[in-house]
Amino acid sequence: LPPASVEPYVPEPILGMGEYEHILSVMSNMVTVMERSPNAFRNMHEEDLRQHFLVQLNAQYEGQATGETFNGHGKTDILIRVEGKNIFIAECLFWDGPKSLSDKIDQLLGYATWRDTKLALLVFNRGGAFSAVVGKIPETVKAHPSFRHELSLPVETGYRCVIRHRDDPNREMLLTV
């Protein structure tokens, strides 16, 4: 047997639900800014919009939020790490129909490693009919092969569920859209 460690046990960082909700509220506040000043954001590309979210997150998480960061099988749009460990991963997309959302879920699952448990998707819509887009999100997510079950989310424009890890059907992750 290997010798026992004399170092004190240090648990890996995890993101509790309160902190997960806080991250989502920071991003929601940024969405409110965008809605109140649409001309300032109208012509921005996805990368430019993402930067605004990263600025807000880094104000709260002291520079631990990064963009276009390699993780898993690619570069994720938003990643928050604590002590070198991922605690939150998010992807951004412009709505282009249900397939664009389903494809983005696949992409997000490719970035999530076995230890990642808290995920989010930010959906931007420039095509009008926002209520129709919001209405299509639950049915699109439920049709995804990784969908496990829906969770309550008292937010008019959001949706939350549990999905399974793409490489381990016994590993579950929380996804908020």
Test log, rule side-chain contact (heavy atoms from CB on, under 4.5 Å), inputs Tyr159 and Thr176: CA-CA 6 Å; Tyr159 178 76; Thr176 302; over 6 Å; no
Is there a side-chain contact (heavy atoms from CB on, under 4.5 Å) between Thr76 and Glu91? Walk through the geometry before answering. CA-CA 6 Å; Thr76 187; Glu91 277 294 303; 3.1 Å; yes
Check the pair Tyr20 / Ile87 against side-chain contact (heavy atoms from CB on, under 4.5 Å), numbers first and verdict last. CA-CA 9 Å; Tyr20 181 62; Ile87 61 167; over 6 Å; no
Step-by-step side-chain contact (heavy atoms from CB on, under 4.5 Å) determination, Glu46 to Gln51: CA-CA 9 Å; Glu46 181 183 306; Gln51 286 303 115; over 6 Å; no
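With hydrogens and angles disregarded, a donor-acceptor distance shorter than 3.5 Å links the side chain of Ser25 to the backbone of His22. No donor-acceptor distance shorter than 3.5 angstrom exists from the side chain of His45 to the backbone of Glu47, with no hydrogens or angles considered. A distance-only check finds no donor-acceptor pair linking the side chain of Asp77 to the backbone of Ala90 [under 3.5 Å]. In this structure, the side chain of Gln56 does not engage the main chain of Met30 through any donor-acceptor pair within 3.5 Å. Asp116 contributes no side-chain N or O that, together with a main-chain N or O of Ile89, makes up a donor-acceptor pair within less than 3.5 Å.
Scanning both residues, Ile78 and Cys92, for their nearest heavy atoms gives CD1-SG, 4.4 Å. Of all the heavy atoms in Pro98 and Lys136, the pair that sits closest is CG-CD, 4.4 Å.
Rounding to the nearest 0.5 angstrom, the gap separating the OG1 atom in Thr113 from the CZ atom in Arg171 is 8.5 Å. Atom CD1 of Ile23 sits about 13.5 Å away from atom CZ of Phe53, to the nearest 0.5 Å. Taking CD1 of Ile163 as the reference point, atom SG of Cys161 lies at 6.0 Å (rounded to 0.5 Å). In this structure, the separation between OG1 on Thr117 and CG on Leu175 is 12.0 Å, given to the nearest 0.5 Å. Rounded to the nearest 0.5 angstrom, His144 NE2 and Arg164 CZ are separated by 9.0 Å.
Side-chain contact annotation: Glu19 with Tyr61, donor-acceptor N/O pair under 3.5 Å present. Under 3.5 Å, the side chains of Asp168 and Trp114 contain a donor-acceptor pair of N or O atoms. Neither side chain, Thr69 nor Tyr111, offers a donor N or O lying under 3.5 Å from an acceptor on the other. In the model, His165 has no side-chain atom that pairs as donor or acceptor with a side-chain atom of Glu172 under 3.5 Å. For the 3.5 Å distance criterion, the side chains of Asp103 and Ser100 fail to qualify, holding no donor opposite an acceptor.
Taking a 6.0 Å sphere around CG of Asn43, one finds it holds 12 or fewer heavy atoms contributed by other residues, nucleotides or ligands.
Met27 is connected to Met34 through a chain of hydrophobic side-chain contacts under 4.5 Å among Ile, Leu, Val, Met, Phe, Trp and Tyr, so both are in one cluster. Two different hydrophobic clusters hold Phe147 and Leu174 under the rule that ILVMFWY side chains link at heavy-atom gaps under 4.5 Å. Follow the hydrophobic side-chain contacts under 4.5 Å out from Leu93 and you reach Leu109 in the same cluster. Under the 4.5 Å side-chain heavy-atom criterion for Ile, Leu, Val, Met, Phe, Trp and Tyr, Leu108 and Ile137 are members of the same hydrophobic cluster. Cluster annotation: Leu24 is not connected to Leu101 through the hydrophobic network of ILVMFWY side chains, with a link wherever side-chain heavy atoms come within less than 4.5 Å.
A salt bridge does not link Glu150 to Arg160: none of the charged side-chain nitrogens sits closer than 4.0 Å to a carboxylate oxygen.
No side-chain heavy atom of Gln107 sits under 4.5 Å from any side-chain heavy atom of His73. Under the 4.5 Å side-chain criterion, counting only non-hydrogen atoms from C-beta, Leu57 is in contact with Ile80.
Not counting sequence neighbours, Asp106 has no partner by the salt bridge (charged side-chain N to carboxylate O under 4.0 Å, His left out) test. Annotation: side-chain hydrogen bond (donor to acceptor under 3.5 Å, both in side chains) contacts of Asp96 (sequence neighbours excluded): none.
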Which pairs of donor and acceptor atoms, one on a side chain in residues 118-131, lie under 3.5 Å apart (sequence neighbours left out)?
from: Lys118; atom 1: NZ; to: Leu15; atom 2: O; distance (Å): 2.7
from: Asn125; atom 1: OD1; to: Gly127; atom 2: N; distance (Å): 3.1
from: Asn125; atom 1: ND2; to: Gly128; atom 2: O; distance (Å): 2.9
from: Arg126; atom 1: NE; to: Arg42; atom 2: O; distance (Å): 3.3
from: Arg126; atom 1: NH1; to: Met44; atom 2: O; distance (Å): 3.2
from: Arg126; atom 1: NH2; to: Phe41; atom 2: O; distance (Å): 3.3
from: Arg126; atom 1: NH2; to: Arg42; atom 2: O; distance (Å): 3.0
from: Arg126; atom 1: NH2; to: Met44; atom 2: O; distance (Å): 2.5

